[in-house]
Number of protein chains: 2
Amino acid sequence: MTKPQAGRTALDPEMFDPVCPSPLVPFRVGDKWAALILRCLQDGPRRFSELKVPLRGVTAKSLTQSLRRLERDGFVVREEYEGTERRVEYALTPLGLGLLGPLDAACAWTREHWDELIDAQEAGLPGATRRP
Amino acid sequence: MTKPQAGRTALDPEMFDPVCPSPLVPFRVGDKWAALILRCLQDGPRRFSELKVPLRGVTAKSLTQSLRRLERDGFVVREEYEGTERRVEYALTPLGLGLLGPLDAACAWTREHWDELIDAQEAGLPGATRRP
DNA sequence: CGGAATCCGAGTCGATACTG
DNA sequence: CAGTATCGACTCGGATTCCG
């Protein structure tokens, strides 16, 4: 079986559940998955397949794309380890680590105003008071 | 001529210059123009044509789209005034106003780390140390 | 395991032209 | 002035298949 090396805990498969598609909402970093990935890496390096777990429904292609972009922009580093079993890990750079600060601030604001955000959207969509 | 009512100063046409495409960089709110629009509205309501000035190169279509979305999501309100001359103004809602807080935090972080961001990107792109 | 290659639909963006 | 209509280009992201 695949043993998680050392003491780092595995990612919570539901860390981005329930409904909330992204803990960012109106904020976004890069593409759809980028911010989620950064948060997954905050406790240390993670393997490709490890990242797929909490990022429910992400395809390998999308995940690779996001990781490549994060790598290109200097927020993440990719490290390939050699051995009998293949092993690639992604980790935050200092820059990526620093990004977590304002990112958390944005997430906090979103959580604080979650109800207002939902209410405002529901008021904005329906058929009641519409411009023709 | 069109006189700016009361004492509010006009928008600086170059408020989003020079190079920087968006004062957000890795952060984004909504679509390409949304965050820029929010900042344009921070000193009070603005007219459609007023917004087009600092948002260099935005087409009426794109601007309308962004504004509609911001309106739908409850960050902006649209007000149409009647009179001999046509007049539509957009203003921040309390929710939109609150968004400026974390938004500014994100912008501040980006400014502080601007050089690192540029350097990291330049290091990520070129042909020197590439994976084949 | 960690991808790459390919296909495809949906959404965005700008340019252009036209309207009330 | 404040848009709408239409178009084409491009990007995003998912599904699927294949590979060392």
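Residue numbering restarts at 1 for every chain, and letters A, B, ... go by the order of the sequence lines. Atom set for the values below is all heavy atoms of this structure, side chains included, hydrogens, waters and symmetry mates excluded.
When rounded to the nearest whole Å, the span between CG of A/Leu63 and C1' of C/dC1 equals 13 Å. What separates CG of B/Leu67 from P of C/dC13 is a distance of 13 Å, to the nearest Å. When the P atom of C/dG2 is taken as reference, atom CD of A/Glu71 falls 15 Å away, rounded to whole Å. Atom P of nucleotide C/dA15 and atom CZ of B/Arg56 are separated by 14 Å, given to the nearest angstrom. Atom pair B/Glu50:CD and D/dC1:C1' shows a separation of 13 Å (rounding to whole Å applied). Taking atom CZ on B/Phe48 and atom P on C/dG20, their separation rounds to 17 Å, with Å as the unit.
Dashed line: the shortest gap from a side-chain N or O of B/Arg68 to OP1 or OP2 of D/dT4 is under 4.0 Å. In this model, the phosphate group of D/dA2 is approached by a side-chain N or O of B/Ser49 to a distance below 4.0 Å at OP1 or OP2. When the side-chain nitrogen and oxygen atoms of A/Arg78 are compared with OP1 and OP2 of C/dG2, none of them lie within a distance under 4.0 Å.
For residues 57-67 of chain B, the set of pairs meeting the salt bridge (Lys or Arg N to Asp or Glu O under 4.0 Å) definition, not counting sequence neighbours, is empty. Among pairs with a residue in residues 90-111 of chain B, those fulfilling ring pair (Phe, Tyr, Trp, His ring centres under 6.0 Å) read B/Trp109-B/His113, at least two apart in sequence or across chains.
Using a cut-off of 4.0 Å between Lys/Arg side-chain N and Asp/Glu carboxylate O, A/Lys52 and A/Glu50 are scored as not salt-bridged.
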What one-letter contact string describes nucleotides 13-20 of chain D from 5' to 3', where B marks a base within less than 4.0 Å of any protein heavy atom, S marks contact via sugar-phosphate atoms alone, and - marks no contact?
BBB----B
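Between its two ends, the helix from C/dC1-D/dG20 to C/dG20-D/dC1 turns its axis by 40°, counting five pairs per end and rounding to 10 degrees.
Taking A/Ser62 as the reference, A/Thr59 meet the side-chain hydrogen bond (donor to acceptor under 3.5 Å, both in side chains) condition, with sequence neighbours excluded. When the side-chain contact (heavy atoms from CB on, under 4.5 Å) test is applied to A/Ala60, the partners found at least two apart in sequence or on another chain are A/Phe48. Applying the salt bridge (charged side-chain N to carboxylate O under 4.0 Å, His left out) test to A/Asp43 and every residue at least two apart in sequence or in another chain returns nothing. With sequence neighbours left out, A/Asp12 forms a side-chain contact (heavy atoms from CB on, under 4.5 Å) with A/Glu14, A/Met15.
A/Tyr90 comes within 4.0 angstrom of sugar-phosphate atoms only, judged by non-hydrogen atoms across all strands, and of no base.
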What pairs of donor and acceptor atoms, side-chain ones from residues 95-104 of chain A against any protein atom, are under 3.5 angstrom apart with sequence neighbours left out?
residue, atom, partner, partner atom, Å
A/Asp104, OD1, A/Arg39, NH2, 2.7

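Exactly one residue among A/Glu85, A/Glu79, A/Glu89 makes a salt bridge (charged side-chain N to carboxylate O under 4.0 Å, His left out) with A/Arg47. That residue is A/Glu85.
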